[in-house]
Amino acid sequence: MNHDTAISSAREIADRVLAPAARQNDKEGRFSSEAVAALGRDGLLGLMLPAAVGGSALGPRTFAAVVATLAEADSSVAMVYLMHASAAATIAAARPGATVAPTLEAISAGRHLSTLAFSEAGSRSHFWAPVSRARRNAAGVHLTAKKSWVTSAGHAQSYVVSSLAPEGAGPTDSTLYLVPLGVRGLSVAGPWDGLGMRANASAPMTLVDCEVAPDHQLTEDGAGFQAMLQVVLPLFNLGTSAVALGICRAAVAATVTHLKTARFEHLGQSLGEGLPTLRAQLATMQIETDGLAARVDDFVDHLERPRDTTMLRVLESKAAAGDIAIGVTSTAMRVCGGAAFSKHLNVERLFRDAHAGAVMAPTGDVLREFIAKAVLGIPLF
Ligand SMILES: Cc1cc2nc3c(=O)[nH]c(=O)nc-3n(C[C@H](O)[C@H](O)[C@H](O)COP(=O)(O)OP(=O)(O)OC[C@H]3O[C@@H](n4cnc5c(N)ncnc54)[C@H](O)[C@@H]3O)c2cc1C
């Protein structure tokens, strides 16, 4: 697989599997196992994994394009995919001594979906500070934790779980573990009935005395925080920005169709022909969407050629993307009027889905805190 064939596959799956089912899955809050199976069959689950474990070894540019393409059709699925990719990268970056090759090979073969279980009820959006603490005995560690939201909960075959290291002294001295579905003590703790992203099963999960063998410890004791910052954050923020871009593109496309097809029969004009105010708002949506595309490109460039400003781009892009997606879809709601409000169009689903990015950690507010502290030279933590 190369960059172009990966995007064609994503486009084909988006058109054939995602788009026809998105409305109903959203309505029912139904997780799309068909979408995950299709992504697996086409090799997209192992997109960025090394060739040595059967992956396609592609980079952030392809990842962002694939995520945006999926999000245009169904942002719930795009989010499932980006959480998986973030977890897969974390597993691939595991410490020497961890047994991860079978999991990575299963991912590359399209048989294994993974995800991140970081956020805890006790520390809320401050995912870098889990309040749960691993307990060590001769067999490994035991994990007990309340994970407040886990995308693909109960559907993913494995979970990258954070917990304070057994002897960790500070609030960020966490360790990451690989916990397979089916391990005793791991369960989905409630339903997922979100405002948006309704088809991605972002339910709470609990771990009660889950045993994790030493070879499933992904980071050294206390090194979870570094992995979160260096491996997860760039990819997660890029993926979330790309989801926002896909949502914006879909909102522009839906608005264009509506302005061309909805008519004032008594005036003999489509809405788009008749009303300059709607054209002006559509233009604003287009400007914002193209601006976000340029931002995502620039973010990718900073990951491909790391430099002093890379961390700033990592933080800025997600903060900006969340606001842009909310702005563009809000405008779409107004331009498409009662038709959007009454759910005749996909615009209201896009509007609801668009609100997830800003509240997913690191939230837009937290990112602003980090950005300003970075600019002022104040330590972030
Ligand atoms: C659809 C969806 C999917 C998710 N999937 C996952 C997942 O797969 N894995 C996972 O680990 N988590 C996941 N999460 C959880 C997510 O990452 C956040 O942890 C969660 O949304 C935080 O919500 P809260 O109510 O606990 O926020 P709170 O921490 O209570 O925040 C409330 C408000 O305070 C603001 N705030 C908090 N701290 C600061 C600060 N220091 N400075 C300024 N403002 C601040 C926030 O921006 C927010 O507006 C998901 C969430 C959603 C909505």
Side-chain angles (χ1 to χ4, degrees), residues 25-26 29 31 71 74-90 113-132 143 145-156 158-163 171-172 174 176-177 179 181 186 188-207 224-225 227-228 231-233 235-237 239-240 243-244 247 315 318-319 322-323 325-326 349-350 352-374 378-381:
N25 286 342
D26 168 69
F31 185 88
D74 187 342
S75 24
S76 281
V77 173
M79 220 181 99
V80 165
Y81 183 71
L82 92 85
M83 299 309 282
H84 163 81
S86 303
T90 312
L113 183 74
S114 194
T115 191
L116 302 173
F118 288 174
S119 304
E120 297 197 350
S123 48
R124 308 190 68 86
S125 59
H126 299 187
F127 65 89
W128 55 87
V131 295
S132 68
L143 301 178
K146 284 184 182 170
K147 297 293 177 179
S148 40
W149 285 269
V150 181
T151 294
S152 310
H155 297 274
S158 69
Y159 302 80
V160 173
V161 175
S162 58
S163 198
T172 60
S174 63
L176 301 185
Y177 303 92
V179 179
L181 181 69
L186 175 72
V188 177
W192 168 241
D193 185 14
L195 170 80
M197 297 289 183
R198 292 178 47 75
N200 71 10
S202 292
M205 293 189 85
T206 50
L207 295 95
F225 179 63
M228 286 175 179
V231 182
V232 179
L233 192 65
L235 218 48
F236 174 77
N237 281 12
T240 320
V243 168
I247 289 174
L315 303 174
K318 179 177 179 291
D323 290 349
I326 289 171
R349 170 167 57 83
L350 297 168
R352 288 185 284 104
D353 287 354
H355 282 72
V359 299
M360 287 186 70
T363 69
D365 301 312
V366 167
L367 287 166
R368 282 181 174 73
E369 263 291 283
F370 287 171
I371 292 163
K373 279 182 174 171
I378 300 170
L380 263 50
F381 292 94

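Every heavy atom of this structure was used, including side-chain atoms; hydrogens, water molecules and symmetry mates were not. Ligands are counted one by one from 1 in listed order, and the atoms in each one are counted from 1 as well. Only a predicted model underlies this, so the values are computations on that prediction, with no experimental measurement involved.
Residues Tyr177 and Tyr159 place their aromatic rings such that the two centres sit no closer than 6.0 Å. Phe381 and Phe370 have their aromatic ring centers within a separation under 6.0 angstrom.
Salt-bridge formation is detected for the pair Asp323/Arg368: a Lys NZ or Arg NE/NH1/NH2 atom is positioned less than 4.0 Å from an Asp or Glu carboxylate oxygen.
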Distance dump, ligand 1 polar atoms to protein, N/O, under 3.5 Å:
unit_1: ligand 1; atom_1: 5 (N); unit_2: Thr151; atom_2: OG1; d: 2.9
unit_1: ligand 1; atom_1: 8 (O); unit_2: Leu116; atom_2: O; d: 3.3
unit_1: ligand 1; atom_1: 8 (O); unit_2: Thr151; atom_2: N; d: 2.8
unit_1: ligand 1; atom_1: 8 (O); unit_2: Thr151; atom_2: OG1; d: 3.2
unit_1: ligand 1; atom_1: 9 (N); unit_2: Leu116; atom_2: O; d: 2.9
unit_1: ligand 1; atom_1: 9 (N); unit_2: Trp149; atom_2: O; d: 3.2
unit_1: ligand 1; atom_1: 11 (O); unit_2: Phe118; atom_2: N; d: 2.9
unit_1: ligand 1; atom_1: 11 (O); unit_2: Ser119; atom_2: N; d: 2.7
unit_1: ligand 1; atom_1: 11 (O); unit_2: Ser119; atom_2: OG; d: 3.2
unit_1: ligand 1; atom_1: 12 (N); unit_2: Ser119; atom_2: OG; d: 2.8
unit_1: ligand 1; atom_1: 12 (N); unit_2: Trp149; atom_2: O; d: 3.2
unit_1: ligand 1; atom_1: 17 (O); unit_2: Ala361; atom_2: N; d: 2.9
unit_1: ligand 1; atom_1: 19 (O); unit_2: Ser119; atom_2: OG; d: 2.9
unit_1: ligand 1; atom_1: 21 (O); unit_2: Val359; atom_2: O; d: 2.9
unit_1: ligand 1; atom_1: 25 (O); unit_2: Arg124; atom_2: NH2; d: 3.2
unit_1: ligand 1; atom_1: 26 (O); unit_2: Arg124; atom_2: NE; d: 3.4
unit_1: ligand 1; atom_1: 29 (O); unit_2: Ser125; atom_2: N; d: 3.1
unit_1: ligand 1; atom_1: 29 (O); unit_2: Ser125; atom_2: OG; d: 2.6
unit_1: ligand 1; atom_1: 30 (O); unit_2: Arg124; atom_2: NE; d: 2.7
unit_1: ligand 1; atom_1: 38 (N); unit_2: His126; atom_2: NE2; d: 2.8
unit_1: ligand 1; atom_1: 47 (O); unit_2: Thr363; atom_2: OG1; d: 2.7
unit_1: ligand 1; atom_1: 47 (O); unit_2: Asp365; atom_2: OD2; d: 2.6
unit_1: ligand 1; atom_1: 49 (O); unit_2: Asp365; atom_2: OD2; d: 3.1

- Task: Go through Glu120 and Ser132 one step at a time and tell me if the side chain to side chain contact (heavy atoms under 4.5 Å, CB included) criterion holds.
- Result: CA-CA 8 Å; Glu120 297 197 350; Ser132 68; 2.7 Å; yes
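Contacts classified as salt bridge (charged side-chain N to carboxylate O under 4.0 Å, His left out) and involving residues 189-206 (residues at least two apart or in different chains) are given here: Asp193-Arg198.
Lys147 NZ to Leu186 CG: the interatomic distance, rounded to the nearest 0.5 Å, is 11.0 Å.
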